[in-house]
Amino acid sequence: MAEIDLTQGFAELGQEAELKPYLQRLADLANRLPGAVDELVSYEDLTPHEGKVLQNFAISWARGAEALVMKYLMSGRVAGKSGHLTVDRLGSGLPIWQEMVTLSQDKEAAAEILTSMRSREELKASMLKAMLRDQLSPAPQQYAMSQRIYQETLAEGDVALPRSPLTFDRLEPSDCGRQRYMVGWSVIDVQSNCPVVYTMLLEDSSGGTADENDARLYRLRAALHGQSNLETGLLDMAIGVDHAVSSLHPKKIRRFTFGPFLSPAFSAASGPMMDLLRAAAPASEEEWALRIRMETVRSHGEFQSGGILSSTRRQEFTPSPQQRDGYLMTTLAFQAICENHSDDFRGVRKYVITGKNRITAHG
């Protein structure tokens with residue numbers, strides 16, 4: 001495998017020797033992530049509604065990753081059809097934010113583009129003709145097929161957007177009779193290029209029920225989207241939301257960060273997991289790991305804020321967010337952790353690939 005220059009933060013992967021290994025690992029990650037999220041939902045203290053937000057995200061992100069694999073699969077093999085997948089090898093190890101923007105734009109046009117493309121059957125017939133009758137390489141037809149599958153993948157369902165719309169699930173009222181909601185949304189963080197998912201338990205003290213035309217939700221969306229970045233601490237975000245709308249009270253906010261995606265084959269990152277993967281790499285270059293970080297801020301009470309004529313209920317949040325790290329990893333990486341007995345991975349959940357369609361949680 002050709003060496004990738006790791007001296008820069010981003011890498012434009014265009015040649016088959018450097019692009020194919022990355023796409024293989026990205027495809028493997030896309031295949032495994034939904035199962036890892038299912039295990040996370042089972043082993044952490046997540047509610048069914050929080051699990052629903054995460055599982056929907058995992059499926060849509062995996063579909064987008066599968067689409068990117070097909071988009072770039074044949075890049076460099078056909079004259080005039082070269083393409084470069086840009087990945088953040090120093091940070092997230094994933095396709096950069098701009099790639100995801102392009103992906104979402106392509107999805108909008110996918111159904112229309114498919115109507116102007118040759119069908120799979122026509123492309124297969126053209127491949128056979130090129131190989132058997134004309135004695136030519138079928139690479140042009142293979143490229144056309146990969147682009148068709150790319151468009152089909154985008155058209156068949158949701159993909160993770162650079163910034164998703166907010167979802168609101170109505171829950172049972174609280175013990176004090178307030179209407180409750182589970183709010184969920186996701187972003188691709190612009191600075192880190194990591195996918196990030198948020199869930200928020202919200203209580204409504206207005207005495208009514210919020211609907212899509214409620215003016216309070218517009219203010220809430222603006223506050224959430226304005227703070228949905230990893231540079232904003234989760235406690236600061238909770239306080240900001242608490243002050244955005246006086247009658248909507250955030251009781252619990254969670255942030256799930258997916259990344260970095262690490263592998264000796266393409267990463268320029270450093271740290272204990274990267275060291276472990278590099279040590280395991282001589283046995284197999286297929287080793288990789290994805291960090292999954294969960295942060296939680298909870299309200300443990302309320303206080304009255306304001307003067308005699310006007311007052312507002314504010315939340316008393318836990319002063320420091322709870323944080324738990326986990327890794328989705330290959331079996332060999334897990335074995336290396338067990339053999340090394342490193343303190344760096346104590347208390348870290350390990351989601352281990354143990355079979356073709358199995359993920360097992362440890363720790």
**Request:** For Glu50 and Thr47, indicate whether the former's side chain and the latter's backbone hold a donor-acceptor pair under 3.5 Å.
**Result:** yes

**Message:** I'd like to check Trp185 versus Val53 (side-chain heavy atoms, cut-off strictly below 4.5 Å). Are they in contact?
**Reply:** no

**Asked** Between Tyr22 and Phe266, what is the ring plane arrangement, given parallel below 30°, perpendicular above 60°, and tilted in between?
**Response** perpendicular

**Prompt:** With a 3.5 Å cut-off and no angle check, do the side chains of Ser126 and Gln141 form a donor-acceptor pair?
**Reply:** yes

**Asked** Can you check whether Leu85's main-chain N or O pairs, donor with acceptor, with Glu12's side chain at less than 3.5 Å?
**Response** no

**Asked** Should we count CD of Glu172 as having more than 12 external heavy atoms under 6.0 Å?
**Response** no

**Flag side-chain contact, heavy atom, 4.5 Å: Val190 against Asn229** = no

**Message:** Any heavy-atom pair between the side chains of Val241 and Leu224 that's under 4.5 Å?
**Reply:** yes

**Asked** Which heavy atom of Gln147 sits nearest a heavy atom of Met117, and at what distance?
**Response** C-CE, 3.7 Å

**Least distance between heavy atoms, Met74 atom then Ala139 atom** = CE-O, 4.0 Å

**Request:** Given side-chain contact (heavy atoms from CB on, under 4.5 Å), test Arg178 with Lys251 step by step and report yes or no.
**Result:** CA-CA 12 Å; Arg178 289 177 177 176; Lys251 291 297 183 178; 4.1 Å; yes

**Message:** Return the CG to OG distance between Asp214 and Ser247, rounded to the nearest 0.5 Å.
**Reply:** 7.5 Å

**Request:** With the side chain counted from C-beta on, respond yes when Leu290 and Arg32 share a heavy-atom pair under 4.5 Å apart, and no when they do not.
**Result:** no

**Request:** Taking all heavy atoms of Arg255 and all of Leu234, pick out the closest pair and write down the distance.
**Result:** NH2-N, 3.6 Å

**Prompt:** Only one of Arg170, Gln179, Arg216 clears side-chain hydrogen bond (donor to acceptor under 3.5 Å, both in side chains) with Asp204; which?
**Reply:** Arg216

**Item:** Phe345 side chain near Leu276 side chain, heavy-atom distance below 4.5 Å
**Value:** yes

**Request:** Indicate if Leu94 and Val69 have the same hydrophobic cluster label, given that clusters are the connected sets of ILVMFWY residues with side-chain heavy-atom separations under 4.5 angstrom.
**Result:** yes

**Prompt:** Given the rule that I, L, V, M, F, W and Y join up when any side-chain heavy atoms are under 4.5 Å apart, are Leu217 and Leu202 in one cluster?
**Reply:** yes

**Complete:** Separation between NE2 (His49) and CZ (Arg180), nearest 0.5 Å, reads 9.0 Å

**Item:** Working for side-chain contact (heavy atoms from CB on, under 4.5 Å), residues Asp169 and Lys52
**Value:** CA-CA 10 Å; Asp169 284 345; Lys52 175 184 171 184; 3.4 Å; yes

**Fill in**
Taking every heavy atom of Val41 against every heavy atom of Gln55, the minimum-distance pair comes out as CG2-NE2, 4.2 Å

**Prompt:** side-chain contact (heavy atoms from CB on, under 4.5 Å) between Ile113 and Tyr150: does it pass, once the steps are laid out?
**Reply:** CA-CA 11 Å; Ile113 289 174; Tyr150 169 62; over 6 Å; no

**Prompt:** Which pair of heavy atoms, one from Asp189 and one from Leu230, lies closest together, and at what distance?
**Reply:** OD1-N, 3.1 Å

**Message:** One pair to check against side chain to side chain donor-acceptor pair (under 3.5 Å): Gln227 and Tyr198. What are the steps and the verdict?
**Reply:** CA-CA 11 Å; Gln227 299 181 81; Tyr198 295 88; over 6 Å; no

**Asked** Under a single-linkage definition using a 4.5 Å side-chain heavy-atom cutoff for Ile, Leu, Val, Met, Phe, Trp and Tyr, are Val183 and Leu161 assigned to the same hydrophobic cluster?
**Response** no

**Between Phe256 and Phe57, ring centroids under 6.0 Å** = no

**Item:** Lys/Arg N to Asp/Glu carboxylate O, Arg349 vs Glu39, below 4.0 Å
**Value:** no

**Request:** Could you tell me the separation between the OG1 atom of Thr153 and the CZ atom of Arg63, rounded to the nearest 0.5 Å?
**Result:** 8.5 Å

**Asked** Is there a path from Ile353 to Leu23 through hydrophobic residues (I, L, V, M, F, W, Y) whose side chains come within less than 4.5 Å of each other?
**Response** yes

**Request:** May I ask whether Met237 and Leu166 are part of the same hydrophobic cluster, defined by side-chain heavy atoms of I, L, V, M, F, W, Y residues being less than 4.5 angstrom apart, directly or through others?
**Result:** yes

**Asked** Does the side chain of Phe317 come within less than 4.5 Å of Asp242's, by heavy atoms?
**Response** yes

**Asked** In terms of side-chain heavy atoms, does Arg163 have a donor or acceptor partner in Ser228 at a distance below 3.5 Å?
**Response** no

**Listed partners of Tyr181 passing side chain to side chain donor-acceptor pair (under 3.5 Å), at least two apart** = none

**Asked** Any donor and acceptor pair, going by atom type alone, linking the side chain of Lys350 with main-chain N or O of His362 inside 3.5 Å?
**Response** no

**Message:** Suppose the criterion is side-chain hydrogen bond (donor to acceptor under 3.5 Å, both in side chains): which pairs have a residue in residues 319-330, not counting sequence neighbours?
**Reply:** Glu44-Arg324, Glu287-Thr330, Arg293-Asp325, Arg298-Gln322

**Item:** Side chain proximity check, Met273 to Ile337, heavy atoms < 4.5 angstrom
**Value:** yes

**Asked** At what distance, to the nearest 0.5 angstrom, does OG of Ser174 lie from CG of Leu201?
**Response** 9.0 Å

**Asked** When rounded to the nearest 0.5 angstrom, what distance separates CD in Gln151 from NZ in Lys71?
**Response** 9.0 Å

**Message:** According to salt bridge (Lys or Arg N to Asp or Glu O under 4.0 Å), does anything in residues 219-237 pair up with another residue at least two apart or in another chain? List the pairs.
**Reply:** none

**Asked** For Glu152 and Arg120, what are the C-alpha separation, side-chain angles and deciding distance, and is it a salt bridge (charged side-chain N to carboxylate O under 4.0 Å, His left out)?
**Response** CA-CA 11 Å; Glu152 288 176 349; Arg120 290 198 186 200; 2.6 Å; yes

**Message:** If you apply the rule side-chain contact (heavy atoms from CB on, under 4.5 Å), what do you find for Asp38 with Ile359, and how did you get there?
**Reply:** CA-CA 9 Å; Asp38 288 343; Ile359 306 289; over 6 Å; no

**Complete:** Between Ser267 and Met274 the two heavy atoms that sit nearest each other are CB-SD, 3.6 Å

**Prompt:** Heavy-atom distance under 4.5 Å between the side chains of Arg148 and Arg118, does that happen here?
**Reply:** no

**Approximate separation, where rounding is to 0.5 Å, of Arg314 CZ and Ser299 OG** = 12.5 Å

**Asked** Given the rule in the salt bridge (charged side-chain N to carboxylate O under 4.0 Å, His left out) test, do Arg346 and Asp343 qualify, once you have shown the distances and angles that lead to the verdict?
**Response** CA-CA 5 Å; Arg346 285 200 180 137; Asp343 291 340; 2.5 Å; yes

**Qualifying residue, where the test is side chain to side chain contact (heavy atoms under 4.5 Å, CB included) with Leu68 and the options are Thr102, Leu103, Val159** = Leu103

**Request:** Measure from the side-chain N and O atoms of Ser164 to the backbone N and O of Ser186, and report whether any donor-acceptor pair falls under 3.5 Å.
**Result:** yes

